[in-house]
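Right, one structure below, let's go through it.
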Amino acid sequence: MEFYTEFRLLGDEYGGNFGNGITLSGGESTYGVTEIDKTDGLTVYKGKRGHTVKCFHESERGVTFCRSEFINTTNETARLELISSFAVRGIKADRIHRATSFWSAEGKLLTQKLTDLNMEPSWAKHGIRIEKFGQVGSMPVRKWFPFLVLEDGENSRFVGVQLYCASSWQIEVMQKEDTVYIQGGIADRDFGQWFKDISPGENFVTPKAAVAEGNSLSEVCDKLVKAQKPDISDVDRDMPVIFNEYCTTWGNPTLENLDKTAARLQGSGVKYLVIDSGWYKKSEDDWFSCTGDWIPEKSLFPNGIKQAADTIKKYGLIPGIWFEFECLGNKAEGYGMTDHILTRDGYPVTVGGRRFWDMRQKWVKDFLDERVIGLLRDSGFGYIKVDYNENIGAGVDGAESYGEALRQSVEESRKFFIHMKEELPHLVIENCSSGGHRLEPSFMETASMASFSDAHECNSIPLIAANLHRLIRPEQSQIWAVLRANADEHRINYLLCASFLGRLCLSGEIFDLTESQWAQAQNAISFYSRIKHIIKDGVTTDIVATADDYSAPSGYQAVMRRLNDEALLVVHTFKNGSNPPIDSFLDGYEIKECFGSELDGDFRGRAYFLKK
């Protein structure tokens with residue numbers, strides 16, 4: 001396996017083998033280079049026209065971090081149409097694993113043989129085979145996660161990669177002869193309308209990627225996930241429980257509702273009470289259309305939003321609040337401020353009643369400093385949930401290409417997350433984008449946690465929660481258990497057990513629960529406190545799921561996470577899934593403690609705290 005760099009300069013010859021129009025890889029720019037220096041973790045090339053290209057491949061605790069740097073060491077401007085974050089050749093593989101993603105269906109594993117993709121070499125070793133995938137726009141986890149694992153079934157060897165790219169990205173799997181090449185990074189000119197002009201003496205550094213090898217899919221995924229370095233606030237390091245009131249009020253928060261919710265949560269083990277959307281909306285309007293101005297609505301909070309934060313604090317909780325500060329609803333004053341809004345071809349990018357601030361502008365950053373950071377500081381909020389509910393699309397004006405302007409805009413959004421933490425060091429940041437559309441490493445590293453999905457009340461919650469073990473750190477994966485007074489004990493256990501696959505987050509009308517129902521929630525919080533070290537530091541060794549249809553799951557799921565001589569086994573049954581075969585997971589362990597329902601019926605949940 002060899003690391004190298006794929007790049008393409010405008011005017012160079014394209015690669016042959018019938019690849020033009022599918023790929024910009026393998027052309028004159030890449031194969032015209034001369035290696036001029038090689039040290040541990042760095043290879044330096046001189047391009048045919050005199051440019052310098054650096055290929056970084058630095059190893060750290062079993063993972064290789066890759067990036068490329070293009071330096072214009074000539075006297076003329078160079079136009080890059082492709083440059084890879086990672087490129088690896090000489091891989092033996094017969095199968096690929098990818099993680100698909102749609103709204104409320106994040107992370108479903110897709111495993112395919114290369115032969116099923118028609119990727120086997122031709123009889124004459126001519127004609128390149130390519131599987132290219134990615135996403136275009138500002139939701140990096142839409143359709144696909146920026147993730148790939150190659151499997152060599154004959155030798156039980158796996159190679160995996162994760163891209164740290166929050167804008168348009170691509171990954172290519174290529175085979176021409178007997179080994180496989182992979183490369184990926186920013187979506188190129190063909191795929192993502194991206195090119196970048198580099199003036200003489202200037203350089204461009206790609207987003208990074210992580211590459212790992214192992215003997216199983218779970219081992220490689222664990223290495224990639226643990227390579228992520230999130231900025232978790234000190235107050236959040238012990239993985240406290242969250243309550244978010246969205247599924248309580250559905251965008252209609254009031255001081256009265258917050259007061260009775262906080263009163264029920266006092267002393268329960270819950271640490272945060274988060275006010276979700278709607279606190280700014282005008283009484284006759286909906287929360288979705290009013291995002292953007294961030295002025296608390298007096299009809300909802302007549303004495304200001306600080307009173308709500310103070311009310312939450314009175315019960316010993318940390319107050320949180322929801323924002324979607326990059327976007328503007330069509331009833332916001334800012335919606336018409338087109339000088340500060342992203343455009344394409346001179347027209348405001350308008351999608352589903354939403355527009356987007358140009359995060360590159362100082363005016364916009366100053367506005368958000370006042371309306372977002374100022375409100376958090378002045379009102380005493382310790383937690384912010386940052387949502388993002390539309391996609392910019394292929395690109396915007398303001399740079400040499402649509403794709404480059406999009407990359408710059410999204411990067412400025414990511415930097416604003418970092419800026420919030422610099423201004424408010426104790427702030428807990430939740431990364432959300434219609435649930436899970438931003439669950440990629442570069443955004444995950446700016447936050448304490450993330451919304452795992454918008455799958456709040458459906459039966460697929462355990463499936464999605466398990467999928468994400470392969471992609472983000474479970475300690476950051478906030479999974480909702482929406483508790484309803486009309487739910488029976490099995491439904492409540494089903495939801496609470498799913499939350500043990502990550503961060504426990506409650507919602508719903510908890511003040512309407514019976515004493516017995518609330519006792520179930522209290523027992524779950526207590527159980528969670530005793531197993532969360534396994535969630536945080538363990539290794540997920542097994543995810544067994546028989547369900548194919550997430551809208552109507554059948555069978556069962558078992559997830560095993562191990563830490564030294566302890567383990568957490570979380571099992572869910574679906575339709576026709578009673579009494580699942582889990583004895584093999586229990587073998588060799590003593591059952592230290594259980595939570596949940598007996599698995600003798602459909603849609604049950606049960607968690608086992610195990611010790612050898």
Side-chain angles (χ1 to χ4, degrees), residues 1-35 43 45-49 51 53 55 57 66 68 70 79-98 110-134 144 147-155 157-161 163 169-195 206 209 211 213:
M1 192 172 79
E2 176 191 6
F3 293 97
Y4 72 110
T5 299
E6 286 278 0
F7 72 105
R8 172 177 164 74
L9 291 168
L10 178 68
D12 280 357
E13 181 178 342
Y14 295 93
N17 286 288
F18 319 115
N20 193 18
I22 303 176
T23 182
L24 292 179
S25 302
E28 181 183 11
S29 304
T30 296
Y31 288 101
V33 300
T34 302
E35 185 180 303
T43 306
Y45 303 97
K46 182 66 70 173
K48 187 175 182 180
R49 301 194 211 169
H51 308 97
V53 182
C55 170
H57 40 93
C66 302
S68 298
F70 179 91
R79 174 164 286 184
L80 278 173
E81 297 184 324
L82 160 74
I83 184 165
S84 61
S85 292
F86 73 93
V88 187
R89 55 193 170 200
I91 303 171
K92 186 177 180 183
D94 51 36
R95 193 182 302 262
I96 67 172
H97 306 271
R98 292 180 281 182
L110 176 64
T111 297
Q112 295 168 297
K113 295 179 181 178
L114 289 180
T115 52
D116 289 341
L117 292 166
N118 199 15
M119 290 277 287
E120 60 268 40
S122 71
W123 63 276
K125 310 298 185 186
H126 184 59
I128 195 166
R129 272 54 170 153
I130 300 172
E131 177 66 13
K132 183 172 183 174
F133 66 101
W144 302 103
F147 159 91
L148 170 73
V149 175
L150 295 173
E151 177 184 349
D152 173 8
E154 181 181 348
N155 297 297
R157 292 295 296 167
F158 295 75
V159 178
V161 61
L163 267 172
W169 60 268
Q170 66 182 37
I171 294 176
E172 296 182 352
V173 184
M174 299 167 283
Q175 182 157 318
K176 179 175 177 289
E177 296 180 350
D178 295 321
T179 60
V180 173
Y181 296 57
I182 54 173
Q183 74 93 356
I186 299 166
D188 61 27
R189 185 169 189 174
D190 281 1
F191 192 72
Q193 302 188 46
W194 180 87
F195 56 82
T206 68
V211 179
E213 297 181 82

So, are [X] and [Y] salt-bridged, with charged N and O less than 4.0 Å apart?
X: Lys92; Y: Asp178; value: no
X: Lys132; Y: Asp188; value: yes
X: Arg98; Y: Glu131; value: yes
X: Glu81; Y: Arg8; value: yes

Exercise. Stepwise, does the salt bridge (charged side-chain N to carboxylate O under 4.0 Å, His left out) test hold for Glu28 with Lys48?
Worked result: CA-CA 8 Å; Glu28 181 183 11; Lys48 187 175 182 180; 2.6 Å; yes

How long is the span from the [atom1] atom in [X] to the [atom2] atom in [Y], to the nearest 0.5 Å?
X: Asp190; Y: Thr23; atom1: CG; atom2: OG1; value: 8.0 Å
X: Thr30; Y: Ile83; atom1: OG1; atom2: CD1; value: 9.5 Å
X: Gln175; Y: Leu114; atom1: CD; atom2: CG; value: 6.0 Å
X: Ile171; Y: Ser84; atom1: CD1; atom2: OG; value: 11.5 Å
X: Asp94; Y: Asp116; atom1: CG; atom2: CG; value: 11.0 Å

Exercise. Asn20 side chain to Tyr14 main-chain N or O, any donor-acceptor pair under 3.5 Å?
Worked result: no

Problem set entry | Asp152 side chain vs Ala93 backbone, donor-acceptor pair below 3.5 Å |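 Answer holds: no.
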
For this session: Show your working on salt bridge (charged side-chain N to carboxylate O under 4.0 Å, His left out) between Arg49 and Asp12 and close with a plain yes or no.
Result: CA-CA 10 Å; Arg49 301 194 211 169; Asp12 280 357; 2.7 Å; yes

If you define the side chain from C-beta out and look only at heavy atoms, does anything of [X] sit under 4.5 Å from [Y]?
X: Thr111; Y: Ile96; result: no
X: Leu82; Y: Ser25; result: yes
X: His97; Y: Glu151; result: yes
X: Arg95; Y: Leu150; result: no
X: Arg157; Y: Val159; result: no
X: Ile91; Y: Thr179; result: no
X: Trp169; Y: Phe133; result: yes

Exercise. Given Phe86 and His57, is the ring pair (Phe, Tyr, Trp, His ring centres under 6.0 Å) satisfied, shown in steps?
Worked result: CA-CA 8 Å; Phe86 73 93; His57 40 93; over 10 Å; no

Exercise. In terms of the angle between their ring planes, are Phe70 and Phe7 parallel, tilted or perpendicular, with boundaries placed at 30° and 60°?
Worked result: tilted

Exercise. Knowing that exactly one of Glu6, Arg89, Glu172 qualifies, which makes a side-chain hydrogen bond (donor to acceptor under 3.5 Å, both in side chains) with Gln183?
Worked result: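 So, applying the side-chain hydrogen bond (donor to acceptor under 3.5 Å, both in side chains) to Gln183 and each of Glu6, Arg89, Glu172, only Glu172 qualifies.
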
For this session: List the atom of Phe3, the atom of Tyr45, and the distance in Å for their closest heavy-atom pair.
Result: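 The answer is O-OH, 4.1 Å.
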
Exercise. What closest approach, in Å, do Cys55 and Thr5 show between heavy atoms, and which atom pair accounts for it?
Worked result: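 Heavy atoms only, the tightest pair is CB-OG1, 3.1 Å.
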
For this session: Report the residues that fulfil ring pair (Phe, Tyr, Trp, His ring centres under 6.0 Å) with Tyr31, sequence neighbours left out, ordered by chain and then residue number.
Result: none

Exercise. In this structure, are over 12 heavy atoms from other groups packed under 6.0 Å from Glu35 atom CD?
Worked result: yes

